[in-house]
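Written out below as structure tokens is the structure these notes cover.
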Amino acid sequence: MKRIIFATGNAHKLEEIRGILEDTGVPVVSMKEAGIDADIVEDGATFAENALIKARAVCEASGEAAMADDSGLVVDALGGQPGIYSSRWMGEDTSYHIKNAELIRLLDGVPEEKRTARFVCSIACVFPDGTVLSSEETYEGIIGYEERGENGFGYDPVFYLPDRGCYSAELSPEEKNRISHRGKALRAMRDKLIARGELKGET
Ligand code: IMP
């Protein structure tokens with residue numbers, strides 16, 4: 001495989017995937033860099049379906065291997081919300097400070113053992129011959145009682161890690177990458193690509 005087109009406009013995600021595939025000798029390019037301008041409707045019912053929809057659309061538009069991810073926060077006490085609607089929840093333009101404050105409010109009075117939540121990341125890689133590889137991983141924690149930390153993004157300041165005694169936004173980028181849903185799912189995808197003989201490296 002000569003290169004992988006990653007179906008995202010998000011520079012942060014692109015950097016993460018480049019870092020993880022760095023030693024494999026296969027460059028990762030964005031849709032923009034590949035000159036692909038697909039208008040993709042993410043109307044799947046699950047993270048995995050949405051990742052596949054995006055990767056398939058870019059593979060079809062380019063005729064090359066394409067990878068995509070879909071991720072979000074699942075809160076058990078809210079029946080799994082915001083889930084696949086994580087970025088759109090309460091409106092795309094609403095600040096995460098407001099969204100995080102609303103999560104804390106919605107869980108007011110909910111005891112610690114019922115505040116469980118997880119970030120989920122699903123990744124799909126689609127090849128021109130129709131082959132699909134997928135990986136999905138989670139990052140477990142609870143919804144905290146306040147916002148803390150300056151790192152990360154989105155819901156990280158309200159996502160408390162009981163085992164570590166800190167919030168996700170208090171982890172360094174390297175620490176988060178080691179244990180996060182996206183870091184783990186990307187490494188699992190890398191291993192699958194190596195096992196399929198598409199990339200060099202050790203699993
Ligand atoms: P996506 O870009 O469509 O995958 O949407 C992911 C959304 O889920 C983001 O906009 C955030 O709201 C949330 N999210 C996913 N991963 C994380 C994370 O690592 N930290 C905080 N929020 C996240």
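What you see is a predicted model, and the numbers here were worked out from it, not measured in a lab. Atoms within a ligand are numbered from 1 in the order they appear, just like the ligands themselves. The basis for the numbers below is simple: all heavy atoms, side chains too, and nothing from hydrogens, waters or symmetry mates.
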Within 45 degrees of the ring normal and closer than 6.0 Å to the centroid, is that where the cationic atom of Arg115 sits relative to Tyr145?
yes
So, for Tyr96 and Phe153, is the gap between ring centers shorter than 6.0 Å?
no
Find out whether Leu78 and Leu107 are in side-chain contact, i.e. whether some heavy atom of one side chain is under 4.5 Å from a heavy atom of the other.
yes
Flag the pair Val132 / Phe127 as yes when at least one side-chain heavy-atom distance between them is below 4.5 Å, and no otherwise.
no
What does the 4.0 Å heavy-atom contact list look like for ligand 1?
Lys13, Asp70, Ser71, Gly72, Ser86, Ser87, Tyr96, Phe119, Phe153, Gly154, Tyr155, Asp156, Lys176, His181, Arg182
Taken to the nearest 0.5 Å, the spacing of Ile143 CD1 from Asn100 CG works out to 8.0 Å
Ring centers of Phe159, Tyr167 separated by less than 6.0 Å:
no
